[in-house]
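Both backbone and side-chain heavy atoms feed into the values below; hydrogens, waters and symmetry mates do not. None of these values were measured; they are calculated from a predicted model. A, B, ... follow the sequence lines: proteins, then strands. Residue 1 opens every chain.
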Amino acid sequence: MSRNPDGNCSPLYSTFKDDPDMTELVSTFVRELPERLATLQGSLDSGDLGSVMRQIHQIRGAGGGYGFDPISEAAGKIEDFVRSRPEADRSLASIRAEVDGLIDLCRRATS
Amino acid sequence: MTTSVAQPESDVPSILVIDDSVDVHRLLTARLKSEGVQITCVKTGEEGLRLLRDNRPTLILLDLVIPGMDGFEILRRIKDDPKTMDIPVIVLSGLSSPQDKVTAFDLGAVDYICKPFDLTELRVRVRAAIRLSRLLTMLAQRAQIDGLTGLYNRAHFDARWREVVATASRKARPISLAVFDADHFKSINDTYGHPAGDAVLVGIGAALQKACRASDIPCRFGGEEFCLIMPDTTPEDALLVCDRIRLSMGEMVWSRHPERKVTVSIGIVGSHAAGAEASAAQWLEAADKNLYRAKQGGRNRCEMSVLEGTPRLAKAG
């Protein structure tokens, strides 16, 4: 799997930004996102694949729920890729670039 | 007339969410607010199963990939326990392979929603599952309720009695059973007609329902025979309860025959620590014997005996 950097840094808006039920939830999600990314970065740096995968799974589930579908899609691609590999072939190195890309994408999320 | 309803369910449907993600808790709570449901969220299967022991939700939303006990195992346990097996479970999962879906449905899930979920789809699926579950509960209740009196019927008694005896013997708690029979019921039918007889049965059912305690389970056995299951009740206390019911029935005035009172004879059998070795048939037989003694003794009275371990009749009451 190779990285496809797009260099895009335009803000990513929630598709629910005009939904009154969701305004508060979306801003909470965006506010807490840096903390999540820091945890994810920490797991990446310490080479803990299991922890990285758990967090990516959570981001996949959460992103679309808050109206950030591209985040779920990117996390889903990484998760599906890892799951499709035999246990022995799974490594952080093989997804490192994609995880970095996911982190960049998350940083663009705006409420 | 009071209607007895099996396990009254409050009008507000309740949903238990078992999912390790706080995001899912928040999103579901926000997204289902408009459905008027009460939502409880837990992060692990262990927590969820613990909650289920005391609180019966209308519906369970279950995630598959969670730390600790995984979703399939949680589902298996919910469906293995007779107390929780009929609660509908919707699987809400990021896993979307056909194999995962097949496994979930095989284990007894009622529906499967893939994450990230679409808001409208989620709402309608939850609504459909709640509607289906309500209809099933209603059907099950109808099949267990006597059409004339609204009390539980014989089928319910048979199932319930087994359950109550098992609980009592496991916890070594007292338990009592009473059989009621309207005195000279045939002559009421013959003298005033069957509608008057039916009114008497409805009246007895209502009186029984009104007089017994919340934990007691009144049933119509068939004909003019009724019974009352009294969990956690010693035979001596059962005698007090039943005699109070007997006295209140003797005071009732019947609009179709105000001049004619209706009395009941009652056979009671009880145990101080659940006669574990006695079968349901032996209990009923003992209660029937006491009822017979009450009839022989002049009717409008209670006869009680104590059953300990192996059935043994003792003169009392």
Side-chain angles (χ1 to χ4, degrees), chain A residues 12 14-37 39-40 43 48 50-85 102 105-106 109 111, chain B residues 15 17-37 39 41-45 61-72 90-101 103-104 112-127:
Chain A
L12 184 63
S14 165
T15 50
F16 301 136
K17 65 179 164 48
D18 300 321
D19 181 341
D21 273 1
M22 295 297 291
T23 325
E24 205 184 314
L25 283 183
V26 172
S27 51
T28 306
F29 174 71
V30 172
R31 196 173 57 239
E32 292 176 356
L33 207 44
E35 199 182 316
R36 287 186 185 214
L37 297 179
T39 315
L40 175 59
S43 305
D48 184 345
S51 169
V52 168
M53 290 318 296
R54 268 195 302 282
Q55 290 172 67
I56 287 181
H57 177 77
Q58 294 234 344
I59 291 173
R60 177 189 197 172
Y66 293 104
F68 297 105
D69 295 354
I71 292 181
S72 278
E73 281 158 27
K77 266 187 204 155
I78 302 173
E79 189 176 20
D80 292 343
F81 171 77
V82 174
R83 277 178 188 276
S84 71
R85 313 291 299 171
L102 175 66
L105 183 64
C106 287
S111 57
Chain B
I15 300 181
V17 177
I18 306 178
D19 194 308
D20 62 320
S21 154
V22 178
D23 294 306
V24 171
H25 295 183
R26 289 175 183 165
L27 287 167
L28 287 175
T29 307
R31 290 316 204 175
L32 294 171
K33 198 161 64 181
S34 61
E35 294 298 296
V37 294
I39 299 186
C41 300
V42 296
K43 285 184 166 179
T44 64
L61 290 177
L62 175 67
D63 185 20
L64 289 180
V65 183
I66 39 182
M69 192 189 296
D70 84 348
F72 288 126
I90 297 181
V91 168
L92 188 62
S93 174
L95 306 181
S96 55
S97 80
Q99 188 48 52
D100 289 320
K101 292 181 185 172
T103 308
Y112 196 110
I113 303 174
C114 292
K115 281 194 237 173
F117 44 83
D118 176 80
L119 161 67
T120 318
E121 183 183 330
L122 173 79
R123 279 192 191 142
V124 292
R125 285 183 188 269
V126 163
R127 217 178 284 158

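Side-chain atoms of A:S111 do not come within 3.5 Å of backbone N or O of A:S27 as any donor-acceptor pair.
Contact tally against chain B (heavy-atom pairs below 4.5 Å) for A:T28, A:L25, A:D21, A:D69: the top residue is A:L25. Among A:H57, A:M22, A:R54, the residue making the largest number of heavy-atom pairs under 4.5 Å with chain B is A:M22.
If you check the side chains of A:S51 and A:Q55, you find a donor sitting under 3.5 Å from an acceptor.
Ionic pairing of A:D80 and A:R85 is not present here: no N-O contact between side-chain nitrogen and carboxylate oxygen is shorter than 4.0 angstrom.
Neither the backbone nor the side chain of B:D19 comes within less than 4.5 Å of any heavy atom of chain A. For A:E24, no part lies under 4.5 angstrom from a heavy atom of chain B.
A cation-pi geometry, defined here as NZ or CZ lying under 6.0 Å from the six-membered ring centre and within 45° of its normal, does not hold between A:R31 and A:Y66.
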